[in-house]
Colleague: 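If you scroll down you'll find the structure; I have some questions about it.
Numbers for residues simply follow the sequence, beginning at 1.
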Amino acid sequence: MDVLKKIPVREQDAKERAANFEEVCLGYNQEEAQCEAARCINCKNAQCVKGCPVAIDIPGFIEKVKDGQIEEAYQIISQSSALPAVCGRVCPQESQCEGKCIRGIKGEPISIGKLERFVADWAREHGIKPVVTAEKKGKSVAVIGSGPAGLTCAGDLAKMGYDVTIFEALHEPGGVLVYGIPEFRLPKKDVVAEEIENVKALGVKIETNVVVGKSVTIDELLQEEGFDAVFIGSGAGLPKFMGIPGENSNGVFSANEYLTRSNLMKAFDGNSNTPIMHSKKVAVVGGGNVAMDAARTALRLGAEVHIVYRRSEEELPARVEEVHHAKEEGIIFDLLTNPTEILADDKGWVTGMKCIRMELGEPDASGRRRPVEIPGSEFTMELDTVIMSLGTSPNPLISSTTEGLETNKWKCIVAEEANGQTSKEGVYAGGDAVTGAATVILAMGAGKAAAKGIDEYLSTK
């Protein structure tokens, strides 16, 4: 075994998986996991932990994996993370824990994410649950939203001894984990539903079909329902569009709607009653993970799929692994290309998209080189579907029905990063509702910080 190289991870064959919705990555078995764990040099001043937004004791759990003590490894992870099977699959480890791994200086970093996934999957298969030891505090907290921020905040508060109720607007808990991320990256029944059951096993109650701001307001939760504090983890579900001519044509979708139909409403399954566009040729506009998810979903539904992105491959915000998987499956990348108009027939259905070629100029405020149009390079793509994947912003429903809750110009709730505190007493917030669309693990980090903030606040009351 070469200690400088990762133990490879088994994956479903690209040709086969492009035609099904089963999970792409098959993960490690115990022997592979123990071999990979043995590569860890167990640093005294572990940088990997500093790269983890929820500060998992990474060397501690890896040491247990190396020794074959998988249940002990799971309990170590569970002290910091409510969703290890999710994070092991969808976290951008390469820019976080693995990006800081000392082993990665001379060789390849330890596959921390794949080891976390192995431990969580092993615990699920063996019926192992996280352990709760705290005494009840006799105080209750309402958590709005059952996505990664809400589940993490609720789980941490339950472990501290609080009575926690999560209010979820949709009919199924999980937030972006169930509506946003496809089955082939994150299985809903075997992984997401099981992790939510683990949070419920801590004593957390979940009420679905409750739209806070409509069914009940934050003030009512605090004044009439008797909650001592509220955490807002309602995410960012409002899609952004380009504002170009023809964007209202039939066959133009936000990635949010397209993925929700497939992921939450199971439209990819022939037995589902939810309709979804079975397209012949699709353009997905955008270059993030959500764009890759939408493109790979459309491909599996039988379309030829193009990713249209105005910068070059180096600037693609999506994870390298997602781009690699998309290319392997046959997604076509039209880079340095920007749409200018969507064309439609006399019945309003999409027939194509006018685009212009771009080149990269000087860096802009974000540090990335600014894309500049190349005069005279216009061309038309023939299409029947366009999926806009340009990011999302928070739905203003909660902020507009809550007096004294400060928001910024992007309609994001203003909250302190260290403890989630908002401008309204007893109300905390975190995740995409505060930052705009970001990653699962950053939302979890915010949920964790807010749980600590709420505990400090209620301890003084």
Side-chain angles (χ1 to χ4, degrees), residues 21 23 82-83 85-87 89-91 143-152 154 166-197 199 206-215 232-241 253-269 272-277 284 286 288-298 300-301 318 322 387-395 397-398 430-433 435-444 447:
F21 276 82
E23 194 168 11
L83 306 168
V86 169
C87 290
R89 287 167 165 84
V90 302
C91 264
V143 170
I144 301 166
S146 64
L151 289 169
T152 299
I166 295 177
F167 296 100
E168 167 55 52
L170 296 174
H171 61 284
E172 210 176 293
V176 72
L177 305 175
V178 291
Y179 74 73
I181 303 173
E183 195 72 19
F184 53 81
R185 269 213 307 139
L186 186 63
K188 306 293 165 261
K189 198 166 135 219
D190 293 345
V191 176
V192 180
E194 291 289 337
E195 301 243 284
I196 291 169
E197 284 306 313
V199 173
I206 301 180
E207 290 188 27
T208 54
N209 298 311
V210 181
V211 181
V212 175
K214 253 201 170 114
S215 321
I232 304 168
S234 50
L238 208 59
K240 293 177 183 170
F241 287 90
F253 297 89
S254 70
N256 247 36
E257 180 194 343
Y258 189 78
L259 288 169
T260 300
R261 282 174 183 269
S262 180
N263 302 334
L264 181 67
M265 313 301 287
K266 305 286 180 272
F268 68 83
D269 183 342
S272 167
N273 292 327
T274 302
I276 196 166
M277 190 91 166
V284 178
N289 290 327
V290 177
M292 300 304 143
D293 286 344
R296 294 170 70 198
T297 297
R300 283 160 170 76
L301 292 170
E322 299 307 316
I387 300 171
M388 291 291 180
S389 181
L390 307 164
T392 52
S393 60
N395 189 320
L397 182 62
I398 290 176
D432 292 4
T435 58
T439 61
V440 167
I441 190 71
L442 287 174
M444 288 175 66

Colleague: Once rounded to the nearest 0.5 Å, what's the spacing between atom CG of Leu151 and atom CD1 of Ile166?
Modeller: 5.0 Å
Colleague: With distance as the sole test, does Ser215 use its side chain to make a donor-acceptor pair with the main-chain N or O of Val210 at under 3.5 Å?
Modeller: no
Colleague: Within the structure provided, determine whether Val178 and Pro173 are in side-chain contact (heavy-atom separation under 4.5 Å).
Modeller: no
Colleague: Where the side chain of Ser146 meets the backbone of Gly174, is there a donor-acceptor pair that is under 3.5 Å apart?
Modeller: yes
Colleague: Tell me if a side-chain donor or acceptor on Glu195 pairs with a main-chain N or O of Val86 at a distance below 3.5 Å.
Modeller: yes
Colleague: In chain order, what residues pass the ring-ring contact (aromatic ring centres under 6.0 Å, His included) check against Phe268, with sequence neighbours excluded?
Modeller: Phe21
Colleague: Quick one: does any side-chain atom of Arg261 pair with a main-chain N or O of Pro275 as donor and acceptor, under 3.5 Å?
Modeller: yes
Colleague: What's the separation between atom OG in Ser262 and atom CD1 in Ile276, rounded to the nearest 0.5 Å?
Modeller: 4.5 Å
Colleague: Is Thr392 reaching over with its side chain to a backbone N or O of Ala236, donor-acceptor style, under 3.5 angstrom?
Modeller: yes
Colleague: Check whether any side-chain N or O of Ser272 sits under 3.5 Å from a backbone N or O of Met265 as a donor-acceptor pair, and report yes or no.
Modeller: yes
Colleague: Between Arg89 and Glu23, is there a salt bridge with N-O shorter than 4.0 Å?
Modeller: yes
Colleague: Cationic tip of Arg296 within the cone over Phe184's six-membered ring, i.e. under 6.0 Å and within 45° of the normal?
Modeller: no
Colleague: So, for Ala438 and Thr435, which heavy atoms are closest and what is the spacing to 0.1 Å?
Modeller: CB-OG1, 4.0 Å
Colleague: If you compare all heavy atoms of Asn256 against all heavy atoms of Gly237, which two are closest, and at what distance to 0.1 Å?
Modeller: ND2-O, 3.1 Å
Colleague: Short question: side chain of Glu168, backbone of Ile206 - any donor-acceptor pair under 3.5 Å?
Modeller: no
Colleague: Which atoms form the tightest heavy-atom contact between Met277 and Leu301, and what is the distance?
Modeller: O-CD1, 4.5 Å
Colleague: So, Lys188 side chain and Tyr179 main chain: donor-acceptor pair closer than 3.5 Å or not?
Modeller: no
Colleague: For Glu183 and Asn263, work out which heavy atoms get closest and say how close.
Modeller: N-OD1, 4.2 Å
Colleague: Counting only N and O atoms by type, is there a donor-acceptor contact under 3.5 Å from the side chain of Lys240 to the main-chain atoms of Leu238?
Modeller: no
Colleague: For Thr297 and Leu259, work out which heavy atoms get closest and say how close.
Modeller: OG1-CD2, 3.7 Å
Colleague: Using every non-hydrogen atom in the two residues, find where Pro148 and Ala443 come nearest and quote the distance to one decimal.
Modeller: CB-CB, 4.2 Å
Colleague: With rounding to the nearest 0.5 Å, note down the distance linking CD in Glu172 to CG in Asn209.
Modeller: 10.5 Å
Colleague: For the pair Leu83 and Leu177, evaluate side chain to side chain contact (heavy atoms under 4.5 Å, CB included) and give the outcome as yes or no after the intermediate values.
Modeller: CA-CA 11 Å; Leu83 306 168; Leu177 305 175; 4.1 Å; yes
